[in-house]
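See below for the structure under consideration.
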Amino acid sequence: MSAVTTTEAAVTVAPAKDTPQVRRRRRLSPGRRLPAARLVGPVLLLALWAAASAAGQLDPAAIPAPWTVVKTGAHLWTDGTLPTDILTSLQRAATGFAIGLVAGVLLALASGLSRTGEALIDGTVNLNRAIPTLGLIPLFILWLGIGETFKVAIIAIVVYIPIYLNTHAALSGIDHRFVELAEVQGLSRFAFVRQIVVPGALPGFFVGLRLGVTGSWLGLVVLEQINATSGLGYMMFQAQNYGQSDVILVGLVVYGVFGLVSDSAVRLVERKVLSWRRTLSS
């Protein structure tokens with residue numbers, strides 16, 4: 001009887017040994033995108049700043065507390081100084097950015113779609129890239145004067161270089177098999193640009209666009225401290241002369257907010273336009 005029971009148990013257990021084990025797939029992707037994830041870092045930095053100020057670890061004369069900066073910003077807003085300076089800075093940045101955007105895209109298309117254009121343009125742009133743009137300020141002042149024109153021109157140069165480089169690199173990276181397919185299909189030049197060139201260049205273009213948006217603000221903060229009578233940079237320069245660190249921080253915060261908002265706007269447009277791509281970030 002016990003032998004039969006042992007045999008039955010062996011028969012029952014044996015299939016379990018032969019059952020293949022299902023290997024669990026390891027998840028390598030970053031996972032779901034967290035809501036407002038890009039604000040976590042700035043909020044944490046703000047919290048550390050507030051905690052250090054409340055604990056007396058920061059010198060108020062050098063780094064005022066966040067609430068002091070907010071109070072100063074509210075005062076500058078109510079007396080009309082901050083809105084005027086913000087509007088002036090936005091106009092300068094927008095004008096220079098628009099010129100740089102158009103120039104960067106047109107030069108990249110001319111260089112990427114033509115060997116003659118590449119020979120004439122690519123080396124010149126890379127030479128310009130090798131020269132520090134802010135080092136051109138004295139020369140541009142001699143050429144264009146000390147007014148608004150040279151400021152817009154410098155911002156346009158800061159913007160067009162990354163847009164050109166990234167768009168041109170994306171154009172150069174388009175698979176030649178797509179070009180051959182377009183030739184076999186008999187596509188016109190316009191159809192070729194619309195169906196092959198534009199989709200292939202868009203990822204690189206958006207990378208350059210993000211760098212150009214950031215560069216316009218970085219250039220602006222320097223240019224507005226040169227013979228300017230208004231703007232955020234001018235406000236910060238005047239505050240430096242009077243030792244008003246809270247006003248300087250107000251300007252830096254505004255620059256940071258504008259930079260973050262403009263970059264986020266570009267990223268949002270990029271996700272909408274390139275929604276057909278399946279990438280690690282998506």
Side-chain angles (χ1 to χ4, degrees), residues 89 91-176 178-179 182 189-190 192-224 226 233 255 258-259 262-263 265-267 269-270 273-274 277:
S89 295
Q91 289 175 345
R92 288 173 180 152
T95 304
F97 178 78
I99 296 174
L101 173 62
V102 174
V105 172
L106 292 180
L107 290 174
L109 289 175
S111 177
L113 299 179
S114 169
R115 294 302 183 188
T116 303
E118 184 178 23
L120 295 174
I121 295 172
D122 192 60
T124 306
V125 174
N126 280 280
L127 177 63
N128 189 2
R129 179 173 66 95
I131 300 174
T133 305
L134 297 181
L136 297 173
I137 291 177
L139 189 60
F140 272 60
I141 291 176
L142 291 177
W143 288 349
L144 304 175
I146 200 70
E148 294 293 315
T149 306
F150 98 91
K151 297 181 178 66
V152 173
I154 292 294
I155 293 173
I157 292 175
V158 172
V159 170
Y160 100 90
I161 290 178
I163 291 179
Y164 168 85
L165 292 175
N166 287 277
T167 305
H168 182 267
L171 286 171
S172 302
I174 294 177
D175 196 325
H176 195 267
F178 292 116
V179 181
R189 190 71 172 178
F190 176 77
F192 169 69
V193 171
R194 182 173 59 87
Q195 299 179 23
I196 304 297
V197 173
V198 172
L202 278 178
F205 165 74
F206 277 110
V207 174
L209 189 63
R210 291 181 60 192
L211 294 174
V213 168
T214 305
S216 66
W217 294 112
L218 294 177
L220 185 66
V221 69
V222 176
L223 294 168
E224 287 188 330
I226 302 175
Y255 274 125
F258 281 159
S262 56
D263 183 71
V266 173
R267 287 167 63 95
V269 174
E270 179 183 12
V273 174
L274 302 180
R277 292 198 310 167

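These figures come from a predicted structure and were not determined experimentally. In what follows, every heavy atom counts, from backbone to side chain, and hydrogens, waters and symmetry copies are set aside.
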Nearest 0.5 angstrom please: [X] [atom1] to [Y] [atom2], how far?
{"X": "Ile154", "Y": "Leu139", "atom1": "CD1", "atom2": "CG", "value": "9.0 Å"}
{"X": "Leu165", "Y": "Tyr160", "atom1": "CG", "atom2": "OH", "value": "8.5 Å"}
{"X": "Arg129", "Y": "Ile131", "atom1": "CZ", "atom2": "CD1", "value": "11.5 Å"}
{"X": "Leu144", "Y": "Ile137", "atom1": "CG", "atom2": "CD1", "value": "12.0 Å"}
{"X": "Gln195", "Y": "Phe190", "atom1": "CD", "atom2": "CZ", "value": "9.5 Å"}

Worksheet item: Of Ile99, Thr133, Leu223, which is the lone residue that meets side-chain contact (heavy atoms from CB on, under 4.5 Å) with Ile155?
Response: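 Testing each of Ile99, Thr133, Leu223 against Ile155, the sole residue satisfying side-chain contact (heavy atoms from CB on, under 4.5 Å) is Leu223.
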Side-chain contact, heavy-atom cut-off 4.5 Å: [X] with [Y]?
{"X": "Ile226", "Y": "Ile141", "answer": "yes"}
{"X": "Val193", "Y": "Leu113", "answer": "yes"}
{"X": "Phe150", "Y": "Leu142", "answer": "no"}
{"X": "Leu136", "Y": "Asn128", "answer": "yes"}
{"X": "Trp217", "Y": "Val221", "answer": "no"}
{"X": "Leu171", "Y": "Leu109", "answer": "yes"}

Without swapping roles, check the side chain of [X] against the backbone of [Y] for a donor-acceptor pair under 3.5 Å.
{"X": "Asn126", "Y": "Asp122", "value": "yes"}
{"X": "Ser111", "Y": "Ala108", "value": "no"}
{"X": "Thr167", "Y": "Ile163", "value": "yes"}
{"X": "Tyr164", "Y": "Gly100", "value": "no"}
{"X": "Asn166", "Y": "Pro162", "value": "yes"}

Taking every non-hydrogen atom, the tightest pair across [X] and [Y]:
{"X": "Val158", "Y": "Ser216", "answer": "CG1-N, 4.4 Å"}
{"X": "Pro138", "Y": "Gly135", "answer": "CD-O, 3.4 Å"}
{"X": "Leu274", "Y": "Pro203", "answer": "CD1-CA, 4.0 Å"}
{"X": "Ser89", "Y": "Leu220", "answer": "O-CD2, 3.5 Å"}
{"X": "Ala170", "Y": "Gly200", "answer": "CB-O, 3.8 Å"}
{"X": "Val213", "Y": "Asp263", "answer": "CG1-N, 4.3 Å"}

Worksheet item: Between Glu270 and Arg267, is there a salt bridge with N-O shorter than 4.0 Å?
Response: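 Here Arg267 does not pair with Glu270 in a salt bridge, since their nearest N and O are not under 4.0 Å apart.
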Item to complete: Taking only Lys NZ, Arg NE, NH1 and NH2, and the carboxylate oxygens of Asp or Glu, determine whether Lys151 and Glu224 approach each other closer than 4.0 Å.
Response: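 Result for this pair is no, no salt bridge flagged.
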Worksheet item: Around atom OH of Tyr255, are there more than 12 heavy atoms of other residues, nucleotides or ligands at under 6.0 Å?
Response: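 Counting other residues, nucleotides and ligands, OH of Tyr255 exceeds 12 neighbours.
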